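Okay, structure first, notes after.
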Amino acid sequence: MSLLEALALVAIGGVAGFINVLSAGGSMLTLPLLMFLGLPPQTANGTNRVSIVLQSVTAVGGFFRAGARDIGISLRLAIPAVFGSLLGAWLALQVPDALFEAVLVAAMVIASVMMLLPQPRLDTRTLTPERLTPVVYLAMFVIGLYGGFIQVGVGVLFIAVLYRLLRIDLAQVNVFKVFIILLYTLPALAMFVLSDQVRWSYGLLLALGSMSGAWLAVRVNLGPRGAVWVKWLTIAVIVAIVVRLLLF
């Protein structure tokens with residue numbers, strides 16, 4: 001690994017960690033970057049989880065210190081996601097590289113389109129245990145399955161379920177999101193480690209940046225104009241990555 005590659009991992013990791021905590025789409029930057037640096041798709045998929053875990057630890061710790069401590073409900077939401085993640089990670093380890101790359105391109109395109117859709121203004125309310133229906137648990141299982149398989153754009157799914165379906169305030173969605181992602185990524189990462197599909201030097205450098213980005217995101221109160229700027233910047237980078245994956 002060259003010095004320039006190491007710096008790219010830290011820099012892109014920082015952007016991805018910031019984006020992941022405040023919205024979605026960070027893995028659409030980091031996973032292709034790892035592949036561009038020469039890691040096989042499966043190894044890139046596993047290595048990316050190191051960054052996801054450590055940035056989630058940073059974000060959860062920051063939210064906890066800020067008083068966001070809905071641990072009971074977060075655990076209820078996370079349990080089906082963990083089971084889904086185990087299945088998703090197992091499936092990811094079975095598919096050939098060519099199929100994984102095709103799924104990656106499709107996931108990036110679909111997630112990008114979903115990110116561009118305007119968020120409706122909804123009357124939000126606090127999430128209580130009695131609102132956790134079987135449909136919600138099934139949705140969490142599906143999100144965990146998808147996250148265990150590829151992780152790309154998983155934040156978009158959390159917004160769809162927690163904000164649009166359950167009508168939780170978007171700031172609170174972020175709190176639940178990072179906690180659930182932390183819990184379901186740990187067993188998925190373990191499966192990739194046991195399959196020797198993690199390159200720790202790459203993952204830890206990426207995590208160094210993503211932890212910094214996550215730390216900053218917890219402390220930043222992003223206004224509407226700033227949120228739009230971040231979204232369009234992310235989309236522009238994703239379009240460039242998709243073109244690169246398709247043409248080269």
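Quick caveat, the model's predicted, so the values are computed rather than measured.
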Original post:
Hey, does M140 have a side-chain heavy atom less than 4.5 Å from the side chain of R76?
Top reply: no
Subject >> Note, L31 side chain near F36 side chain (heavy atom, < 4.5 Å) >> reply: no
Original post:
Is a donor on one side and an acceptor on the other found under 3.5 Å between the side chain of S85 and the backbone of A81?
Top reply: no
**OP:** Quick one: closest heavy-atom pair of F176 and S74, and the distance?
**Re:** CD2-OG, 3.2 Å
Subject >> From CE (M191) to CZ (R49), nearest 0.5 Å >> reply: 10.5 Å
Original post:
CG of L77 to CD1 of I180: how many Å apart, nearest 0.5 Å?
Top reply: 4.5 Å
**OP:** Verify side chain to side chain donor-acceptor pair (under 3.5 Å) between S27 and Q151, making sure each step is shown before the conclusion.
**Re:** CA-CA 7 Å; S27 288; Q151 185 67 27; 4.9 Å; no
Original post:
Do S51 side-chain atoms and T47 backbone N/O form a donor-acceptor pair below 3.5 Å?
Top reply: no
**OP:** Return the orientation label for the Y184 and F158 ring planes: parallel under 30°, perpendicular over 60°, tilted otherwise.
**Re:** parallel
Original post:
Could you walk me through whether L189 and I52 pass the side-chain contact (heavy atoms from CB on, under 4.5 Å) check?
Top reply: CA-CA 9 Å; L189 173 60; I52 296 297; over 6 Å; no
Subject >> Heavy-atom pair with the smallest gap, counting every atom of V103 and I150 >> reply: CG1-CD1, 4.1 Å
Original post:
Can you check whether V10 reaches L206 side chain to side chain, under 4.5 Å on heavy atoms?
Top reply: no
**OP:** Show your working on side-chain contact (heavy atoms from CB on, under 4.5 Å) between L162 and V136 and close with a plain yes or no.
**Re:** CA-CA 9 Å; L162 297 180; V136 174; 5.7 Å; no
Original post:
Is any side-chain heavy atom of M35 closer than 4.5 Å to a side-chain heavy atom of L104?
Top reply: yes
Original post:
Closest approach of A92 and V95, non-hydrogen atoms and distance?
Top reply: O-CG2, 3.4 Å
Subject >> Closest contact, heavy atoms only, A44 versus L34 >> reply: O-CD1, 3.5 Å
Original post:
Between atom CG of L208 and atom CD of Q55, what is the distance when rounded to the nearest 0.5 Å?
Top reply: 12.5 Å
Original post:
Measuring from Q94:CD to L99:CG, what's the distance to the nearest 0.5 Å?
Top reply: 12.0 Å
Original post:
CG/L7 to CG/L4 distance, rounded to the nearest 0.5 angstrom?
Top reply: 6.5 Å
Original post:
Hey, does F149 have a side-chain heavy atom less than 4.5 Å from the side chain of N45?
Top reply: no
Subject >> Close side-chain approach of V198 to T43, heavy-atom, < 4.5 Å >> reply: no
Original post:
Are the side chains of L75 and L183 in touch, meaning some heavy atoms are under 4.5 Å apart?
Top reply: yes
Subject >> Heavy-atom closest pair, residues A107 and Y146 >> reply: CB-OH, 3.4 Å
Original post:
Are any of the side-chain heavy atoms of L91 and L87 separated by less than 4.5 Å?
Top reply: yes
Subject >> Polar side-chain atom of S210 near backbone of A207 as donor-acceptor pair, under 3.5 Å >> reply: yes
**OP:** Answer yes if V82 and L194 sit in the same cluster of Ile, Leu, Val, Met, Phe, Trp and Tyr residues linked by side chain heavy atoms under 4.5 Å apart, and no otherwise.
**Re:** no
Subject >> Within 6.0 Å of OH in Y137, more than 12 heavy atoms from elsewhere >> reply: yes
Original post:
Between L145 and W90, is there a shared hydrophobic cluster once you connect ILVMFWY residues whose side-chain heavy atoms come closer than 4.5 Å?
Top reply: yes
**OP:** Any chance you could measure Y202, atom OH, to L33, atom CG, to the nearest 0.5 Å?
**Re:** 10.0 Å
